[in-house]
Amino acid sequence: MQITRLFAFLLMVLEWTRPGLSSPLRPICDLRVVDHFIKEAWDAEAALRACKDACSIATNFTVPLTRVDFDVWAAMNIEEQAQEVQSGIHVLNDAISSLQASNQTDVLQSHIDASINNIASIRQVLRSLSIPEYVPPTNVGEDKEMQKVSSISELFQVHINFLRGKVRLLVASAPVCHQGVS
Amino acid sequence: MTKMRSNRLKIVFMLCLGFVTIGGQHFESKVAQLLQDETEHIKCFVEGKDLTCFWEEEEERNHLHNQYTFTYSYENKNKMACAVSSLSLLASNKTIFFCKLAKTPFFATLHLQVLRDGQMLYTRSLNAENILFLDPPRNLTVMSSGKEGQLNVSWLPPQLKYMDDSMIYEVRYAAEGSDLGKVEVIKVSTMLVLFGLESDTRYKVWVRVKPDGVAYKGYWSAWTEPVFGVTPPSDVDPLIVLLVLSIGLILCLLSLTVILSHQKFLLKKLWPDIPTPEHKFPGLFTVYKGDFKEWMSHNNGSMWGRSVHVYTEELPSPLEVLSEVSLTSHGTSQREEMKPAEEDESERSDSGLTDRWRDPPHAHWLMDQLRALQENPESHSQSSLLQSHDTYVTLNQGDIEQQADDVFEETLPLQTLFSSAGTPSLSTSHSDLGSLQQSSGSGRLSSQSSLEYPNHTWPPKGPGYSYMAVADSGVSMDYSPMSSSRIAELGRHRIYTNDYKNEIFPHKWPLSGQYIKSG
């Protein structure tokens, strides 16, 4: 009886600590990996550029801001940059995932699925670079770094711009990739 | 102190002026290029981190720059204005109005508007990261790699942060003086090795750059100023050349030596002499000047002796002549009479003898003797060997013992046959084959195949004649004596040699020159 309790306690402790996740991933510093996802995002954006009226939906999408000022970006530290990127990815993922529920054409559906897979892969890349995970904001109020779009084509434009801009800049300037380089 | 300050200020001013000039040159060239290539009214490009948008002055209108207003907005923000400036292009004699944004937002859609006197003139929406117009690469260098037909080309990318790994380059090269050039495209890397070039040739090289189109897009930059490079000369190792030459020389010398040492042999093989029979006829052409008859008359004996030597396979054997006792009764008178008859007999029995005879005076007597011998069967046994041969020369009759002394006498008819006209001459036996000299009254002789014994009227055995086998090979004749005892016996007797003279050809008769008289 006591052995059983002890055994249950040990399992809880191990589940909590999750020692299996302690092994670090190999950092993916090669920008060609991110470029691969960007190229696929370009294909999706090009396919949906013409789909303005047919692809319009009633509800708006909340999407991250994609604008990058190089001077401002250079002045930010890695944590701020990471927070901006991670939150943006999170929001973008939610917006694109919401399209899966609605009935779309096969071509559009394939692009939606590819984009969701790419976002998941980018998350793995950021994890390999030891980029801090996304922490949802404590205040529920509207995020300043977000915007609204009303069409699927605009959604995918935001998608490609976000990947080319903030995500790529973050991966390029990851401290793990510049260790040992003066 | 003040002097130093002023000097420093001057230096800084000059540097700034230089940079502005260079930038201005780049700016003007970019503007000129976009004026040609860009179809939009508002032509924009990003140089570094600054966005520049310009538009062309309408023809035959002189507007001032303050008449124009340029606004831009992005991400649903309020419109912002940008100061408008004017520029006169000397090359194309055109005037443009332009606006330059210092802090350009990237990765966001910009909405641009041009207003003139408050009226909307042009609009355009674009992303700044898609209209990058880079400066040409810097520090282009072309160097020889040391290998044949190769040149090393290297350069530095334009100074831009965040974009070093997103550039694509184009290298153009051509031989000096040639209009045809080749282009190589290379990504990210800032050096290239050119292959397949001509040796010892001067080449011109240009380079230009453009964003690769994944993260950033834009226009091709202007070409750099050409840089020259010379390819190394063809790689010929002097040692190899020397070795090849020396080996060639050695081979030539060897071949010359071989040719000279075997000159005669080679000449014979390549240019053989026409064979002449001069060596067979010594003195025919030198002494007698081709007169064969004259030569023959002077060179009979030696010629025959020499010619006979040729047929070494046919060894001469002594011709044994045995006479029959029964012939002694005729005496010397018969001897003389028998001479031509026996001559005929020997002549007829020789190989190649024709049947053309001039009947000798004592032919009938001889015929009778032969018939008598034929009737005597005892003598046949001695000539059993003879019967097997095709040709027989019957010279003497059968019984040897009785005719031991008479043989010598009986050889006299043969002697008459074989001796020359006149006295029978004694001569030592010749090892070589003798020749039969035609005696007076004898028949003509010609070369012919073997004489058939059965067809001959002269039987092999006649009274008073021993037998002698004659083997006819067709060309030569081989006389083999009946027994060795006779040879020894005959050795005591005189030996006759007779020359044989043929009208047609001095045939080389393998005749024995020994004519032995046996008693």
Side-chain angles (χ1 to χ4, degrees), chain A residues 29-43 45-46 49 60 62-75 81 84-85 88 92 144-151 153-174 177 181, chain B residues 44-52 72-80 82 100-112 124-135 157-168 186-190 210-218:
Chain A
C29 296
D30 195 350
L31 285 171
R32 287 177 294 182
V33 177
V34 180
D35 287 345
H36 169 72
F37 303 132
I38 292 169
K39 286 175 187 175
E40 290 196 355
W42 272 119
D43 296 337
E45 192 267 341
R49 198 180 301 156
N60 292 335
T62 302
V63 290
L65 293 172
T66 59
R67 184 188 87 250
V68 172
D69 290 323
F70 285 111
D71 296 335
V72 174
W73 183 266
Q81 291 174 358
E84 203 164 317
V85 169
L92 204 59
K144 291 181 181 179
E145 297 297 321
M146 298 298 156
Q147 62 178 333
K148 299 273 188 201
V149 291
S150 60
S151 67
S153 62
E154 281 181 318
L155 172 61
F156 278 93
Q157 278 180 12
V158 167
H159 175 238
I160 183 64
N161 289 335
F162 190 76
L163 290 182
R164 289 161 71 194
K166 292 181 180 176
V167 172
R168 198 174 186 277
L169 285 169
L170 181 64
V171 172
S173 61
C177 300
V181 178
Chain B
C44 299
F45 62 91
V46 170
E47 193 180 25
K49 293 175 190 174
D50 302 330
L51 171 67
T52 303
Y72 65 96
S73 65
Y74 56 91
E75 290 181 343
N76 299 327
K77 285 188 175 179
N78 295 330
K79 291 181 185 179
M80 287 165 278
C82 175
K100 208 164 189 177
L101 290 176
K103 292 181 182 178
T104 308
F106 284 86
F107 305 106
T109 303
L110 297 175
H111 304 283
L112 309 173
R124 188 180 172 185
S125 295
L126 52 83
N127 278 42
E129 70 277 3
N130 294 339
I131 50 168
L132 295 182
F133 204 139
L134 304 171
D135 291 337
Q159 278 179 326
L160 276 176
K161 209 175 174 182
Y162 305 117
M163 299 175 194
D164 293 352
D165 48 8
S166 304
M167 292 185 190
I168 187 170
I186 182 164
K187 289 184 180 180
V188 183
S189 177
T190 58
K210 192 182 91 162
D212 62 357
V214 180
Y216 302 95
K217 293 181 181 180

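In what follows, chains are A, B, ... by sequence order, proteins preceding strands, each numbered from 1.
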Contact class of A:Arg168 relative to chain B, heavy atoms under 4.5 angstrom: side chain
Looking at A:Leu92 and A:Phe162, what are the two nearest heavy atoms and their distance? CD2-CD2, 4.3 Å
Might you work through the salt bridge (charged side-chain N to carboxylate O under 4.0 Å, His left out) test for A:Arg32 and B:Asp165, ending with a clear yes or no? CA-CA 9 Å; A:Arg32 287 177 294 182; B:Asp165 48 8; over 6 Å; no
Within a radius of less than 6.0 Å around CD of B:Gln159, do more than 12 heavy atoms belonging to other residues, nucleotides or ligands occur? no
Cut-off 4.5 Å, heavy atoms of chain B, and the answer for A:Ala41 is neither
Looking at A:Trp73, I'd like to know if the NZ or CZ of B:Lys49 sits under 6.0 Å from its six-membered ring centre while staying within 45 degrees of the ring's axis. no
Under a 4.5 Å heavy-atom cut-off, does chain B meet the side chain of A:Asp35, its backbone, both or neither? both
